[in-house]
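Single-structure report; data block below.
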Amino acid sequence: MEEIHSNTYKAHLATIQKASGTLETFLENIKQAPQVNFELLKKILDDNKDTEYGRKYGFDTIDSVQEYQRRVPVIVYDNIAEHLERMRDGEKNVLTAYQFDHMNTTSGTVGNPKLVPMTVEQQRIYTYYNHLIPQVVLNNNLPPRWMEGRAFCTTEGSYKRMPSGITVGCASSKMADYIKGGAATVDIILRTLYTSPVEATNPIMGDNNKYVHARFALMDGDITGIVTGFYSHLVLYFKYISDNWQLLIDDIEKGVISDEVNLTASVRESLMTKIAPMPERAAQLREIFKNGSDIKWVSKVWPKLLYISGVGADGFSMYDKIIKENYLEEGTVKHFYSGVVASEGLWSMTLEPDCPDSVLVPQSAFFEFLPVEADGDLSQIVTMDKVQKDHIYELIVTNLCGFYRYRTSDAVRVTGFVGTAPLIQFMYRVNKTINLVAEKTTEKALQWAVENACNQVGIDLSDFSVYADPSETPGQYVFLVEPRVPMPGYDMDILQKALTEFMYKANPSYERAILNKRLSPLKVHFMQPETSLLYRDMMTYKGASQSQLKPVHIISNELQRKFFFSLLDE
C-alpha cells in the first residue's frame, strides 16, 4: 500500500506540473474572453471550410460574427441527425474535418440518444478542463496530503463498435482507450489514481458493477477523494454499501467474491487476481458498522477523505443534501462541483470549492446566448460581450464536434464575471418543462417546491417524479414523492396543501392556471422507498450507462410512467 501511495503522489505531482501552465493560460484568456472566443470561431470556420456543411454556408468568406449569424442557421439536433448517421457509417468531411473514431451518445433522458463525434480537438478540451486543470484547482485548495491517497471513482460506461470501425457510447467509456498500452497499462494508471480496476470502467451488461466499485473502494482506508459523474450516482453507491456492508466485509476478510454477486466468469476470474484476504481492514470496517449502517459512516470508513468532485449543485442539490446530512461528518469534506458538461462539449469549469458557479471556458466552443424570456425569438441572440448579470440564457454553441449554432437546451444564469468571462450557474433544461397550458414549469421549480414542502411537513425526501396528466380535464400535475423510509398512515392532505403552496410560489403562472381552472389541483402520492434506484437498475440492465443516468424528475415517456406508477405506496 505504501508503494501505491508513493506512485499516487508522483502521478498527481506530474499532472499538476504539466497543467500549471495550462491554468495560467486559461486565467490570461478569460481576461479577454470575448476576443478569445471569436478567435476560436475563426479557427473552427477555417478548419472546416472544405466540409460539406462548410461549403454549403460559405465558411471561407465569413469574416465577422455578424456575417456568421446572418449566413448560418440556428439548429437543433434533428437538423443534422442524418449528417451524423452518415458520419457514424464512416463518411468523412460531412460536418467536421477533425479526426474522430468515436461518437459520444447522450443520456437519452429526453428523446432518443444523440450522436456526437469525439474529435481529437474535443478530447483535448476534456483532458485539459475536466482532468488536468481540476487537479491544479484541487492542489490550490486542499492540504498537500490530498495527493497521498487515491480516489473512489464511480465513472463507467460501455460502447459498441459499428461496421465502419467507429465506436458509439458515452464519453467516459472511450477516454481510457486513448491511452496507449492496452488494458494492462490502463489498469495500472487507473489503480494508481483510483481504487476501481479496469474491469469496472467498461462493465458487461448484467454484471453487478456496483459491487466491484464498492468492494475495491472499501479495501482502501486511505482514500482522500471521491470522483463521480452526478451526486445522484454517488447516493446510489452509498446506498448499496449501506445495504450490503456485511457481504462486502465478509468478502474483503476472506479475499473472495461471493457467489451471490452476479459477475461474468471472465470478469470474476480477472478480479480474483487483484484481491487477497484483508482481515485487518475487515475488522476495522466491522467495528464501524457494528450497530448498522444508519450512521454517518463515510467519514469513518475513509477518515482521510478531503474532497468530493462531481455534478452536485443546482439540479442535483437535493442529492448533495442527502450526502451531507446522512453520510458525512459536517465540515470534513470540500465539494468541487463540476461545471456545465455535456456529451456535446464542456462549457464551464469551477475554480474554487463549495461554489455552485463555474467560469465559461472561451476555448471550448463559440458561445451565443438566447434570453429565455425571448420565447424562441432568435433575433434576440447575443454574444459573450453582451450578456448581463442575473439574466437567464439558453446556450447556443459552435463546438469542436461539427455542431454549428446548436441549441443546447441548457438554460444558465449569469451570476457574475471572472475577468471578462461569464460566471454561470446551470438552471434547467429548456426542453424539460411541464407546459400543459403555457404555464412553463421548469424542473428546477418543481424540485424547489418538493424540497421545501417536504421540509416543512417533516418528510425525509429521497427523490421525486412528476407526471403531467393530460387525460384529466383540465390537465393535472401528479407528484410522486419518494420518502427515505415508509410512512404508513400519513395524511396526504397535509403534503398536498404544502406542495400546492410552494408550487404557487415557484411558478405564479401555475397558480393563475389553477385559479382560472385551466389546470386541475395537483395530486400527490408516495412511491415505495428505493423506487428511483430500482429504475436506475432496470435501465442499466437494458444497457444504459450508470454514469449518464439522470434522475427522472419529469416523467416524459410511457415506460417511465408505467414503471413509477406501478410502485406507488398506497
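A salt bridge links Asp375 with Lys440: the distance from a Lys NZ or Arg NE/NH1/NH2 to an Asp or Glu carboxylate oxygen falls below 4.0 Å. Lys31 has a carboxylate O that lies under 4.0 Å from a charged side-chain N of Glu28, or vice versa, which qualifies the two as a salt bridge. Asp537 and Lys210 are joined by a salt bridge, as a carboxylate oxygen and a charged side-chain nitrogen come within less than 4.0 angstrom of each other. A salt bridge does not link Lys324 with Glu330: every distance from a Lys NZ or Arg NE/NH1/NH2 to an Asp or Glu carboxylate oxygen is 4.0 Å or more. The pair Lys505-Glu501 meets the salt-bridge criterion, since a charged nitrogen lies less than 4.0 angstrom from a carboxylate oxygen.
Panel note: side chain Asp469, backbone Gln476; no donor-acceptor pair is recorded below 3.5 Å. At distances below 3.5 Å, at least one donor-acceptor pair connects side-chain atoms of Asn507 with backbone N or O atoms of Glu439. Checking side-chain atoms of Asn452 against main-chain N and O of Asn455 turns up no donor-acceptor pair under 3.5 Å. Between the side chain of Tyr77 and the backbone N or O of Leu115, at least one donor-acceptor pair lies under 3.5 Å. With Asn399 contributing its side chain and Ala365 its backbone, the two residues share no donor-acceptor pair below 3.5 Å. With hydrogens and angles ignored, the 3.5 Å screen pairs no side-chain donor or acceptor of Thr350 with any backbone N or O of Phe336. For the pair Asn37 (side chain) and Ala33 (backbone), a donor-acceptor distance under 3.5 Å is absent. Although no hydrogens or angles enter the test, the distance criterion places no donor-acceptor pair under 3.5 Å between the side chain of Thr408 and the main chain of Ile396. Asn48 contributes a side-chain N or O that, together with a main-chain N or O of Ala97, makes up a donor-acceptor pair within less than 3.5 Å. Of the possible polar contacts, none joining the His335 side chain to the Asp354 backbone as a donor-acceptor pair under 3.5 Å is found.
In this structure, the side chains of Tyr393 and Val372 stay at 4.5 Å or more apart for every pair of heavy atoms. No side-chain heavy atom of Tyr307 sits under 4.5 Å from any side-chain heavy atom of Ile226. Taking 4.5 Å as the limit, every side-chain heavy atom of Met87 sits out of range of all side-chain heavy atoms of Glu82. The shortest distance between side-chain heavy atoms of Asn29 and Gln363 falls below 4.5 Å. Looking at Thr155 and Thr201, their side chains never come closer than 4.5 Å, going by heavy atoms from C-beta outward. Contact of the Ile554 side chain with the Tyr467 side chain is not registered, since no non-hydrogen atoms from C-beta on lie closer than 4.5 Å. Between Phe152 and Tyr194, every side-chain heavy-atom pair lies at or beyond the 4.5 Å cut-off. A heavy-atom distance below 4.5 Å is found between the side chains of Val340 and Asp410.
Under 3.5 Å, the side chains of Tyr68 and Thr398 contain a donor-acceptor pair of N or O atoms. Side-chain contact annotation: Thr415 with Gln425, donor-acceptor N/O pair under 3.5 Å absent. Side chains of Asp385 and Thr383: a donor on one and an acceptor on the other come within 3.5 Å. The closest side-chain donor-acceptor pair between Thr127 and Arg124, if any, does not fall under 3.5 angstrom. In the model, Glu368 has a side-chain atom that pairs as donor or acceptor with a side-chain atom of Gln69 under 3.5 Å. Side-chain atoms of Thr61 and Arg71 form a donor-acceptor pair, as typed in the model, at a separation below 3.5 Å.
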Ile434 vs Thr442, side chain to side chain contact (heavy atoms under 4.5 Å, CB included): CA-CA, chis, key distance, verdict: CA-CA 7 Å; Ile434 297 180; Thr442 66; over 6 Å; no
Stepwise side chain to side chain contact (heavy atoms under 4.5 Å, CB included) check, Leu95 with Thr51: CA-CA 6 Å; Leu95 291 173; Thr51 63; over 6 Å; no
Side chain to side chain contact (heavy atoms under 4.5 Å, CB included) between Tyr406 and Val397, worked out: CA-CA 5 Å; Tyr406 171 73; Val397 302; 4.2 Å; yes
Derivation of the side chain to side chain contact (heavy atoms under 4.5 Å, CB included) call for Phe464 and Gln447: CA-CA 8 Å; Phe464 77 94; Gln447 180 172 321; 3.9 Å; yes
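Rounding to the nearest 0.5 angstrom, the gap separating the CZ atom in Phe563 from the OG1 atom in Thr531 is 6.5 Å. Atoms CZ and NE2, on Phe479 and His553 in that order, are 11.5 Å from each other to the nearest 0.5 Å. Between atom CG of residue Leu234 and atom OG1 of residue Thr154 there is a gap of 6.5 Å, rounded to the nearest 0.5 Å. Distance check: Leu446 CG to Thr441 OG1 gives 6.0 Å after rounding to the nearest 0.5 Å. Atom SG of Cys355 is separated from atom OH of Tyr337 by 9.5 Å, given to the nearest 0.5 angstrom. To the nearest 0.5 Å, atom CG of residue Leu138 and atom CD1 of residue Ile133 are 12.0 Å apart.
Taking each heavy atom of Asn104 and Ser343 in turn, the nearest pair found is ND2-O, 3.3 Å. Pairing each heavy atom of Ala342 with each of Trp347, the nearest pair is CB-NE1, 4.4 Å.
Ring planes of Phe59 and Tyr53: perpendicular class, angle over 60° (limits at 30 and 60°). Ring planes of His213 and Tyr237: perpendicular class, angle over 60° (limits at 30 and 60°). The aromatic rings of Phe369 and Phe367 sit tilted relative to each other, their planes meeting at an angle between 30° and 60°.
Partners of Lys49 under the salt bridge (Lys or Arg N to Asp or Glu O under 4.0 Å) rule, at least two apart in sequence or in another chain, are Asp46. Listed by chain and number, the residues in a salt bridge (Lys or Arg N to Asp or Glu O under 4.0 Å) with Glu394 are Arg407 (sequence neighbours excluded). Residues forming a salt bridge (Lys or Arg N to Asp or Glu O under 4.0 Å) with Glu373 (at least two apart in sequence, or on another chain): none.
Taking the six-membered ring for Trp and the full ring otherwise, Phe316 and Tyr231 have centroids separated by 6.0 Å or more. The aromatic ring centroids of Tyr404 and Tyr57 lie 6.0 Å or more from each other.
Within 6.0 Å of CD in Glu85 there are more than 12 heavy atoms belonging to other residues, nucleotides or ligands.
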